[in-house]
Number of protein chains: 2
Amino acid sequence: MAGLAIEPLAKSLGTTKGSFYWHFRDREELISAALERWENEETDAVIAMLGPLAGGRSRLRELITAIFVTHGEVPDRSIGLAAAAGHPAVEEVLERVTRRRIDYLAEELVAAGLGEGEARHRAVLAYTSYLGYSTLVRSTPGALPRGEQAAAFVDSMMRLLTS
Amino acid sequence: MAGLAIEPLAKSLGTTKGSFYWHFRDREELISAALERWENEETDAVIAMLGPLAGGRSRLRELITAIFVTHGEVPDRSIGLAAAAGHPAVEEVLERVTRRRIDYLAEELVAAGLGEGEARHRAVLAYTSYLGYSTLVRSTPGALPRGEQAAAFVDSMMRLLTS
DNA sequence: ACGGGACCATACGGTCCCGTATGGAAGGCG
DNA sequence: CGCCTTCCATACGGGACCGTATGGTCCCGT
């Protein structure tokens, strides 16, 4: 996996490998811990985000706006994880998170008045678009709408998703 | 970068490093060559795919279907490249390819009758969705619609994009 | 005060990879 | 035949990283 090497990590924390290997048995164990933590934080963040919101369309809009527009500042680690797949533990968590997210989107779309099947399709569309958007944000941000263009993009997307 | 190591590559080709370093000066040069080749092949493939097709909506549909449904068999390397970004040469090519693809989609959508701005938004939506879809295909295919569900997904997406 | 556990640093061997050095084999050409 | 270019293999040094070994410090209970 990339981005989780223990020697550089230890150095960046101002400590050493010796310390690390006291707390973790393995690099495997570090990955598991990071993964578990990521999965929990991610669901917490989502729940916290949509808790105080009203139901239906506005909740969905808030979510989508937060995800697409704010994304530059608080990047999701999904993409890195997805790219670093091939690791069994990663794949397992990733699949679970993916399912939950798509299911949640589909539920919201049903609540917004769509039929079951169509809601699912659009949930997949929205979520895959989110993933691709994240990918582009970090690989080639120049090709993406930013600022008010991004807002207009979200507007268009919302209209499309809930039409 | 991941997946382009020269020692494993040489071994998998039944040759050695010595041979490699005769043909290429650097690992850098290999990456450049692979990148250039990828960019060309990719445009060729797209052009070849849409050449014999009729204009307007059917061309777009063909493209989208090919991309989403057939994708399991002939995976695009974009994702791997995008993930392996940070490399300047990769970013440059990737941004060029991304722009061209989104531009092309927007053109097709304009040809299908949409306004300029809306076409661009939907092109971004379609392309980011494609990228995310590809990511999920290789990371957690279980969370995606496959088979006729995939076809229904493409149907839904086409209706949405050209509505 | 002292033995032992918690916590951490240094040092080492092993693996995988990059890049270089060097020594051929095979074929055109005087 | 001798020679030179082309193409390739083996051997080496270096760096990044994993995991282990080993010793040192600090603190806590007795």
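Just so it is clear, the structure is predicted and the values come from calculations on it, not from any experiment. Heavy-atom basis, side chains included; hydrogens, waters and symmetry copies ignored. Proteins get letters first, then strands, A, B, ... in listed order; numbering begins at 1 in each.
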message: Nearest whole Å is fine: how far is dT15(C) P from E7(A) CD?
response: 16 Å

field: Short side-chain N/O contact to dT10(C) OP1/OP2 from T16(A), under 4.0 Å
entry: no

Sidechain N-carboxylate O distance under 4.0 Å for R100(A), E39(A): yes

statement: Whole-Å distance, F24(B) CZ to dC18(C) P, equals 13 Å

message: Assess, by modelled atom type and distance only, whether the side chains of S129(B) and S129(A) contain a donor and an acceptor separated by less than 3.5 Å.
response: no

message: For E92(B), is there an ion pair with R96(B) - N to carboxylate O distance below 4.0 angstrom?
response: yes

task: Could you state the atom-to-atom distance from CD1 of I6(B) to P of dT20(C) in whole Å?
output: 10 Å

message: For a quick check of understanding: with a heavy-atom distance under 4.0 Å over all strands, which category does Y21(B) fall into, base, sugar-phosphate or nothing?
response: base

- prompt: Given atom CG of D26(B) and atom P of dC17(C), what is their separation to the nearest angstrom?
  reply: 18 Å

statement: Under a 3.5 Å limit on both distances, the Watson-Crick or wobble mate of dA21(D) is dT10(C)

task: Return the value, rounded to whole Å, for the distance between atom CZ of R27(B) and atom C1' of dG15(D).
output: 14 Å

message: Looking at R37(A) and E41(A), is there a salt bridge between them, counting it only when a charged N and a carboxylate O are closer than 4.0 Å?
response: yes

- prompt: Out of dC18(D), dC8(D), dC17(C), which nucleotide sits closest to the side chain of W22(B)?
  reply: dC8(D)

message: In whole Å, I'd like the distance from the NZ atom of K11(B) to the C1' atom of dA9(D).
response: 15 Å

task: Let me see the working for E118(B) and S156(A) under side chain to side chain donor-acceptor pair (under 3.5 Å), right down to the final yes or no.
output: CA-CA 7 Å; E118(B) 188 64 20; S156(A) 166; 2.8 Å; yes

query: Could you give the CZ-to-P distance, from R25(A) to dC7(C), as a whole number of Å?
result: 18 Å

- prompt: What is the base-pairing partner of dT30(D), counting Watson-Crick and G-U wobble geometry with both distances under 3.5 Å?
  reply: dA1(C)

task: From the options dC17(D), dC18(C), dA9(C), select the nucleotide whose nearest atom is closest to the side chain of T15(A).
output: dA9(C)

- request: Specify the residue among P8(A) and G18(A) whose closest nucleotide of DNA chain D lies further upstream toward the 5′ end.
  value: P8(A)

- request: Taking only the side-chain nitrogens and oxygens of H23(B), find out if one of them lies under 4.0 Å from OP1 or OP2 of dC8(D).
  value: yes

- prompt: Between atom CD1 in I31(B) and atom C1' in dC17(C), what is the gap in whole Å?
  reply: 13 Å

